[in-house]
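Notes follow once the structure below has been shown.
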Amino acid sequence: MRNIKKIGRVILSFLLMFVVVALIGVIFMKQILLSASDLNQQLDDSPYYTQVEESLSATFKTLSLETSIPEAIFVEAAMDQYGLQQLARANNDQALNYLIDPDALYAATTDRSMFEEPVTAYVQSYAAENNQPFDEGLQAQTATIIDEATAIVGSHTMLFNLDNVIAFPQFQTVRKMLQTVLAYFYLVPLAFFLIAGALVWLNRKLLHRSLIWIGSGLVSGSAFVIIPAIVALVLKIPQRITVSADYINTALRTLALHYTTFLLGSGALVFVLGIACLVGYSLISKAKRAAYRRDRAYAAEMEQY
């Protein structure tokens, strides 16, 4: 029976190690990775929107050359950082909400109205100066230009364009997996407490011994998170991410560094708790051994009388 209990302690401690990793993972997924508020806050604190404006300015310069409409018309209409932030936040919210909500529909947010008045007014003025009627043909050309400008702003305020992947069944499979994990999130902390409680029950005659089994599980599990995070930071992997435009690279690097730091901090916290359990076990064991020696010495002294 004693050997069965020992085997049970080893197995439960081993399982606890993996449950710790899973617990950190689901907390990270729920509170950080799929949190629109956290994502938007990280982008607000980075040079992301400044670089978006720089990229927009360069793109509008090209559009100006193609349409003969002054670049200033587009720039003045679009270069409202608060408006850009609102559009970006709305698109980020929609993308993440689509991932976690099975009933959600995805539709990127665009704001065509920012270009309608200034572009139309300029074309009408240009047509009047050149005695050219603002007829249906010119109106259609103007609408096309407005659509192009709107699409440019939309692409710059859409960090995650899900339109390109929604139709793929593999993407929908991953989406369903994320939703399943979030729906049964509570099972992971429940498993953690059940395993920890089982270890305490197996050591009910000497409760302090459960600390060494729980502590070893915490320390081992945290190592699976801490070591990769440290390697990523030492090798500067988040800072080396290069995808396409500068503003997208900045966003991805900022998020990758934030995610790595969070995982390192979470792993370190669990590691400290594990060490505390091991230290607590050591101190209690020493105190019990010292008390046992004192009792034996006192008993031997009493026998002499």
Side-chain angles (χ1 to χ4, degrees), residues 1-35 38 177-178 180-238 255-297:
M1 187 65 180
R2 183 174 296 179
N3 290 334
I4 294 176
K5 288 185 177 180
K6 287 182 179 179
I7 295 172
R9 294 187 189 103
V10 173
I11 293 175
L12 287 174
S13 182
F14 184 73
L15 291 175
L16 186 65
M17 174 181 68
F18 291 103
V19 171
V20 166
V21 177
L23 183 60
I24 294 175
V26 294
I27 291 174
F28 166 71
M29 182 184 299
K30 187 175 180 65
Q31 300 297 327
I32 302 297
L33 184 63
L34 298 177
S35 170
D38 181 78
M177 290 173 60
L178 289 175
T180 301
V181 171
L182 294 177
Y184 296 99
F185 164 81
Y186 63 91
L187 293 179
V188 179
L190 179 62
F192 175 84
F193 288 113
L194 287 176
I195 293 174
L199 286 170
V200 172
W201 183 81
L202 288 174
N203 293 278
R204 59 190 180 279
K205 292 183 179 179
L206 294 170
L207 290 177
H208 69 285
R209 287 187 178 178
S210 62
L211 291 175
I212 192 171
W213 297 104
I214 295 174
S216 61
L218 293 175
V219 171
S220 301
S222 64
F224 281 94
V225 178
I226 293 174
I227 294 175
I230 291 176
V231 171
L233 292 176
V234 170
L235 298 180
K236 296 183 179 180
I237 293 176
L255 294 174
L257 182 61
H258 172 58
Y259 296 157
T260 304
T261 304
F262 175 85
L263 291 173
L264 178 60
S266 301
L269 178 61
V270 175
F271 180 82
V272 170
L273 291 175
I275 293 297
C277 289
L278 297 177
V279 171
Y281 167 78
S282 178
L283 293 176
I284 294 173
S285 296
K286 287 181 180 179
K288 285 183 172 294
R289 286 195 296 269
Y292 177 72
R293 287 193 294 268
R294 285 196 303 270
D295 291 341
R296 287 195 62 181

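Bear in mind the structure is a predicted one, so any value in this text is a computation, not a measurement.
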>> Measuring from atom NE2 of H258 to atom CG of L263, what distance do you get when rounded to the nearest 0.5 angstrom?
In response: 9.5 Å

> CG/L23 to OG/S266 distance, rounded to the nearest 0.5 angstrom?
Replying inline: 9.5 Å

>> Just checking F185: does its CZ atom have more than 12 heavy atoms from other residues, nucleotides or ligands closer to it than 6.0 angstrom?
In response: yes

>> Nearest 0.5 angstrom please: Q31 CD to D38 CG, how far?
In response: 9.5 Å

> To the nearest 0.5 Å, how far apart are CG in L264 and CG in L269?
Replying inline: 11.5 Å

> Heavy-atom distance under 4.5 Å between the side chains of I212 and L278, does that happen here?
Replying inline: yes

>> Using every non-hydrogen atom in the two residues, find where A232 and T260 come nearest and quote the distance to one decimal.
In response: CB-CG2, 4.0 Å

> If you look at every heavy atom in C277 and I214, which pair is closest and at what distance?
Replying inline: SG-CG2, 4.4 Å

> Which class fits the ring pair F28 and Y259: parallel under 30°, tilted 30 to 60°, perpendicular over 60°?
Replying inline: perpendicular

> So among W213, F192, F271, which one has a side-chain contact (heavy atoms from CB on, under 4.5 Å) with L218?
Replying inline: F192

> Looking at CG of L233 and CG of L257, how far apart are the two atoms once the value is rounded to the nearest 0.5 Å?
Replying inline: 6.5 Å

>> Working to the nearest 0.5 angstrom, can you tell me the gap between L202 CG and I7 CD1?
In response: 12.0 Å

>> Restricting to non-hydrogen atoms, name the atom on R9 and the atom on L199 that form the minimum distance, rounded to 0.1 Å.
In response: O-CD2, 3.8 Å

> What is the minimum heavy-atom distance between L15 and I195, and which atoms define it?
Replying inline: CB-CD1, 4.0 Å

> Going by the angle between their ring planes, with limits at 30° and 60°, are F14 and F18 parallel, tilted or perpendicular?
Replying inline: perpendicular

>> I need the minimum non-hydrogen distance between S216 and S13, along with the two atoms involved.
In response: OG-OG, 3.1 Å

>> To check you understand the geometry: which heavy-atom pair defines the closest contact between V219 and I275, and what is its length?
In response: CG2-N, 3.8 Å

